[in-house]
Amino acid sequence: MSRPGRWTGPARAATVRHDARRPEDTMSETPHRYTAQMAQQIELAWQDRWQEEGTFHAPNPAGPWAEPEKVGDREKLLVLDMFPYPSGAGLHVGHPLGYIATDVFARYHRMTGKNVLHCLGYDAFGLPAEQYAVQTGQHPRKTTEANMVVMKRQLRRLGLGHDDRRTIATIDPDYYTWTQWIFLQIFNSWYDADAVRPDGGVGRARPIDELVQEFASGARPVPGGADWVSLSPLERSAVLDDFRLAYTSEAPVNWAPGLGTVLSNEEVTNDGRSERGNYPVFKTNLRQWMMRITAYADRLADDLDRVDWPDKVKAMQRNWIGRSQGARVAFPVVGHDASIEVFTTRPDTLFGATFMVLAPEHPLVESLAPAGGWPEGTNAAWTAGEPSPQAAVAAYRLAASRKSEIERQTEGKDKTGVFTGAFATNPVNGQQVPVFVADYVLMGYGTGAIMAVPAQDERDWDFAAKYELPVVRTVQPSEGHPEDQAFTGEGAAINSSNDEVSLDGMAVAEAKATIIDWLSAKGLGEGTVSYKLRDWLFSRQRYWGEPFPIVFDEDGVAHAVPDSMLPVELPDVPDYSPKTFDPDDSSSQPEPPLGRVQEWVDVELDLGDGRGVRKYRRETNTMPNWAGSCWYYLRYLDPANHDAFVDPANEAYWMGPQAAPVAGAPEGAKDPGGVDLYIGGVEHAVLHLLYARFWHKVLHDLGHVSSEEPFRKYFSQGYIQAPAYRDHRGQPVEASEVVEVPDHSGGESSYTWQGQPVTREFGKIGKSLKNVVSPDEMCEQYGADTLRVYEMSMGPLELSKPWETRAVVGAQRFLQRLWRNVVDEETGEVRVVDAPLDDATARALHRTIDAVSRDFPTLGFNTAIARLIELNNALTKLDAVPREAAEKLVVMVAPLAPHIAEELWSRLGHEETVTYAPFPVADPALLVEDTVTCVVQVKGKVRDRLEVPADISEDALREQVLALPKIQAATEGGIRTVIVRAPKLVNVVPL
RNA sequence: GCGCAAGUGGCGGAAUCGGCAGACGCGCCAGGUUUAGGUCCUGGUGCCUUCGGGCGUGCGGGUUCAAGUCCCGCCUUGCGCACCA
């Protein structure tokens, strides 16, 4: 290796010159020390150079930016962070944690020769952006764009190696053109549950035109039995709405008057409030846009097996989808045409069903209750003191409708209900069982009705106990099971036979299968699957979102705006604020702000459908902010493409399925493809991550993308918490103004704010706890490289950990020592020597290379930094640092602290950026030691140590150890055994 | 209540297979540089100790020559779900 011995700065290098130093440094004896000011100059200079040279531009194989010669046969790597919302408050030090981690990972892989795509855009539509605008009295476009400028500056200051050409924002018409286009793809599709997919699975999205053709030709019967040709456009539209993947329906939706908009189930907390703003949410019947995500429930659940995600997040998604196997069984109502359909996961316990329960909202409830008084012999406890079943049911339903979700919950396990006065027939044994209404059965799950089996279900047991209902055990409880409790475990079926079928003696699984077969054969029921997942409510009564590319004709039929007319631009309006109401006014109705813009709403268009120019009304709802984040990662791949949302070749290159499936995938699983590494917070586990998977699968079915999953590997990073302080009233006080008072007797420090004592806690960084630490102030006080190294050294990425500003100096000292190993602090000269490495240094260097190149790909940045510090400290102790060691160390530090690495790399005589310098490779010969310290134990406790050759034989080692004086002394009474694990350990066990 | 994850120095955290517990950093202690403070540098730093050693990875048991690591029971904290039939 031949390098200039002295730095001769290349003309274009960003290298800081002597004359750039600050006045106070000229007074000092170490004017060339790596200080915060020095770091600042270096960092800004290199950020400029990166931008000028397009250092992080990733070549595409196809599309407008095609550079196939630069792509070559390099392996690709797509590394992304979750789409950030450009907050008006700016970033705090918790935000960049993930961004820095992906950057280190991306930079490391560039040094291994991969074609790495890493970039970041802005999720700029949506409620928070709009609320911020309303608060500040400015148009959301203005505030959002201003926020993006601030955030871009903050991110740039951190030295993130993003391909800046690919920075997109959801609010750009060029972007939301394609969001609307994808919406129309979904609108114009239906889910054919019987269609065979190329991968052999069953069920996929197909164009709606194909369905229309099948209806028209008679190949597929029109639901309801009508003849397609004779249906009116409105009737056809209604039929298709039952098939489309995006459709309007009149259904109970989540209405938050305080927010002025409806919300999806995923945006409502389980205590019935809005996730954003914590407003009460009410169920109201409204015509709204829905997405048929339920069609994909199975694939969304199954395909989790093929992605590399945290188990916790997979569990959360599976839980949300809530798939359970069971059976539907019909119970005919006595003296009535109707049957009550129930869903049960325990059809094996049918013989133990002793009563039934309907949800208060169940449509049959009203007609079930017989006119007149209570049936003969009705238990007084069942009547709630009402004179008749109809009165009792009406009173109960009214009471239930007035209860909020919270009330239903806080009432806990105390079951309430009333008898409807009706009986139904248990199909397996002909027994007539009473039918109740009770709010422990939920309308939103299964069929909204259950068969109650108190012997095998705790909830039913509680209800039966309270209302004195019979209990029939149909599963033999295990020995010692209390008599007064339901038995939900495994056991042999008992009391379960009729003239045709007997389950007695069967285990649960066999009994289920047997009874389902019998029910199916008799036409009384069938095996089925039930899901918790509901269709996705997709409209919002908000201004700041993508307009729907939909117009309604005078009959009220929805029509897609033709692709050629996209985008449907969001009109600029003077009044963009949503109409909000008293948060508790459940009778209020949403009013979309776009509805106020008459001249935008009423249009005359030729949709190109042969009907010529006609009058239409535009859809005035807007899309939820999830729309933009459902596909942004695809746009990164080809942001300048005007012919397609992404060129298929670019999608296949960056995201296509890989040869080998992820670790842990089932045997023989096909790889789904997707982003190679996706890092973001776990708060999106069932929102963004589920919605994006759904859209991706639709796009896959329609042939637009080759990958089946958007995010092949997802990693959820922990949060950074910061100390927060409260005064005696419990009010947070400004954390930066708190003074620590050390306890001199060795106890814990106490804290004061403006002289008064305050208590400390650790919490989420933010305005509400007044504990914001901004990356800007860290960059100013220490430099971006120091901030990066500190954040990456705090601990494992997945853990939440406390921020400690005073500990940041440790990272700075490391970089300062690194600098000093290369640059003379007094003269600024490069001080490395062109001398060969001594043996110890060579070994230390290669051990570090080995460890670090195992840590970087597994996101073990904290341990990588520890090893780099060790090596750096070892070099510090040498009289002079050999060039080879310095250069390799600089290259290894570059992913973590890229600016100082670039500067040192340049001063060491390299003209090219260090970004693509090859990562050092460890020499295996230098990883094996000649001699090893052997630990000598007596009964498992360390008693001595011994330097031995690494290749020593077991016998020789045993002999040497037994000859040691300490061992001799310890084994005077004789030896029971000697365990030898050559060369590292010998354990002697005396008698 | 159910499910999952985690409990290691004063603090953040290290520790492929069961094989030297506490890497690295903060803090703290001592020394050096400095008029002084800070910065910076060097060294030390689990606890106890009669200086032999003893005790130590939430608690109690077990397996093993050997346990932070494996098994059983419990406690605590965090997260998720929460009448889902």
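FYI, side chains are in, hydrogens and waters are out, and symmetry mates aren't considered; it's all heavy atoms of this structure. Letters A, B, ... mirror the listed sequences (proteins, then strands); counts begin at 1.
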It should be established whether A:Arg813 places a side-chain nitrogen or oxygen under 4.0 Å from OP1 or OP2 of nucleotide B:G27.
yes

*asked:* Under 4.0 Å, heavy atoms only, any strand: does A:Lys532 hit a base, just the sugar-phosphate, or nothing?
replied: base

Exercise. Hey, does A:Arg328 reach any base, or is it just sugar-phosphate, or nothing, if we go heavy atoms under 4.0 Å?
Worked result: nothing

Quote, to the nearest angstrom, the C1' distance that separates B:U8 from B:G68.
-> 7 Å

Separation of B:G80 atom P from A:Glu266 atom CD, nearest Å, is 16 Å

Worksheet entry | Near-ring test A:Phe355/A:Phe463, centroid separation under 6.0 angstrom | yes

For A:Ser530, answer base if it contacts any base atom (sugar-phosphate contacts may also be present), sugar-phosphate if it contacts only those atoms, and nothing otherwise; contact means non-hydrogen atoms under 4.0 Å. nothing

inquiry  = Set out, in order, the CA-CA distance, both residues' side-chain angles and the distance that settles side-chain contact (heavy atoms from CB on, under 4.5 Å) for A:Thr349 and A:Met451, then state yes or no.
reply    = CA-CA 10 Å; A:Thr349 64; A:Met451 62 173 207; 3.8 Å; yes

A:Ser324 has its side chain closest, among B:C20, B:C26, B:A85, to B:A85

| query | Looking for any heavy atom pair under 4.0 Å, which part of the strands does A:Ala866 touch: base, sugar-phosphate only, or nothing? | reply | base

A:Thr345 has its side chain closest, among B:C20, B:C81, B:A85, to B:A85

With a non-hydrogen cut-off below 4.0 angstrom, is A:Arg323 in contact with a base, only sugar-phosphate, or nothing? nothing

Given the 90°-from-0 boundary between syn and anti, B:C17 should be labelled syn

With rounding to whole Å, what would you report as the distance between B:G61 and B:A6 at their P atoms?
24 Å

> Can a side chain N or O of A:Arg820 be found less than 4.0 Å away from OP1 or OP2 on B:C41?
Replying inline: yes

Of A:Thr977 and A:Thr933, the one whose closest nucleotide on RNA chain B sits nearer the 5' end is A:Thr933

Considering every strand and a 4.0 Å limit on heavy-atom distances, what is the contact class for A:Lys877: base, sugar-phosphate, or nothing? sugar-phosphate

A:Pro796 has its side chain closest, among B:C20, B:C65, B:A14, to B:A14

Of the candidates B:C79, B:C83, B:C26, the side chain of A:Lys312 sits closest to B:C79

From CH2 of A:Trp320 across to C1' of B:C4 the rounded distance in Å is 19 Å

The nucleotide from B:A66, B:U16, B:C40 with an atom nearest the side chain of A:Val809 is B:C40

Between A:Leu690 and A:Ile293, is the side-chain contact (heavy atoms from CB on, under 4.5 Å) condition met? List the steps.
CA-CA 9 Å; A:Leu690 192 67; A:Ile293 191 171; 4.2 Å; yes

Its glycosidic angle compared against 90° from 0, B:G12 adopts the form anti

In whole angstroms, the gap separating P of B:G12 from CD1 of A:Ile720 amounts to 15 Å

Students often get this wrong, so: under 4.0 angstrom with heavy atoms, is A:Leu799 touching a base, only sugar-phosphate, or nothing? sugar-phosphate

| said: Measuring to OP1 and OP2 of B:C24, would you say a side-chain N or O of A:Thr863 lies under 4.0 angstrom away? | reply: no

Distance-only side-chain donor-acceptor flag, A:Thr345 / A:Gln325, under 3.5 Å: no

*A:Glu826/A:Arg831 ion pair, N-O < 4.0 Å*: no

Between A:Glu526 and A:Thr528, a side-chain donor and acceptor under 3.5 Å: no

inquiry  = At 4.0 Å (heavy atoms only), tell me whether A:Val989 reaches a base, stays on the sugar-phosphate, or touches nothing.
reply    = sugar-phosphate

Result for 5'-nearest mapping on RNA chain B, choosing between A:Arg33 and A:Arg854, is A:Arg854

chi for B:G52 classified (syn = within 90 degrees of 0, anti otherwise) as syn

For B:U39 and B:C29, measure between their P atoms and round to the nearest Å.
13 Å

_Say we look at B:A21 and B:C26: how far apart would their P atoms be, to the nearest angstrom?_
25 Å

Among B:G43, B:C40, B:G19, the one nearest any side-chain atom of A:Asn987 is B:G19

Which of B:U39, B:A23, B:C26 is nearest the side chain of A:Glu870? It is B:A23

Testing B:G12, B:A82, B:C40 for proximity to the side chain of A:Gln816, the answer is B:C40

*asked:* Could you check whether A:Thr474 and A:Gln456, counting side-chain N and O atoms only, form a donor-acceptor pair closer than 3.5 Å?
replied: yes

Report task. For nucleotides B:G58 and B:U49, find the distance between their C1' atoms and express it as a whole number of Å. Result -> 26 Å

Worksheet item: When we call it a touch if two heavy atoms are under 4.0 Å apart, what does A:Thr876 touch: a base, just sugar-phosphate, or nothing?
Response: sugar-phosphate

Read 5' to 3' with Watson-Crick or G-U pairs under 3.5 Å, [ ] for crossing pairs and | for partners on another strand, RNA chain B gives (((((((..(((......[....)))((((((.......))))))(((....)))..(((((..]....))))))))))))....

**Message:** Given the structure, check if the side chain of A:Lys415 and the base of B:C83 hold any donor-acceptor pair shorter than 3.5 Å.
**Reply:** yes

- Task: Determine the interatomic distance between C1' on B:G7 and the same-named atom on B:U69; round to the nearest Å.
- Result: 14 Å

The single option from A:Leu957, A:Thr931, A:Thr933 that satisfies side chain to side chain contact (heavy atoms under 4.5 Å, CB included) with A:Val948 is A:Leu957

Closest to the side chain of A:Asn862, out of B:A14, B:G54, B:C83, is B:A14

Q. Between A:Trp461 and A:Phe487, does the ring centroid distance fall short of 6.0 Å?
A. no

A:Gln37 atom CD is separated from B:U39 atom P, nearest whole Å, by 15 Å

Side-chain atoms of A:Arg806 come closest, of B:U39, B:C26, B:A85, to B:C26

_Base of B:C65 paired with side chain of A:Arg976 (donor-acceptor, under 3.5 Å)_ = no

(message) On the nucleotide B:C24, are OP1 or OP2 found under 4.0 Å from the side-chain N or O atoms that A:Asn873 carries?
(response) no

I'd like to know whether A:Val986 forms a side-chain contact (heavy atoms from CB on, under 4.5 Å) with A:Arg958, so could you lay out the CA-CA distance, the side-chain angles of the two residues, the decisive distance to 0.1 Å, and finally the verdict. CA-CA 7 Å; A:Val986 176; A:Arg958 180 185 292 111; 5.9 Å; no

| P gap between B:G10 and B:C47, integer Å | 7 Å

**Message:** Any N or O donor-acceptor pair under 3.5 Å from the base of B:G1 to the side chain of A:Glu458?
**Reply:** no

Within the structure, does a side-chain N or O atom of A:Arg981 lie under 4.0 Å from either OP1 or OP2 of B:A66?
no

With a 4.0 Å cut-off on heavy atoms, is A:Leu985 in touch with a base, just the backbone sugar-phosphate, or nothing at all?
base

| message | Rounding to an integer number of angstrom, what distance separates B:C40 and B:G25 when you compare their P atoms? | response | 14 Å

| Quick one: do A:Arg843 and A:Asp850 make a salt bridge, cutoff under 4.0 Å? | no

Subject >> Within 6.0 angstrom of A:Lys764 NZ, more than 12 heavy atoms from elsewhere >> reply: no

Atom NZ of A:Lys801 and atom P of B:U8 are separated, to the nearest Å, by 16 Å

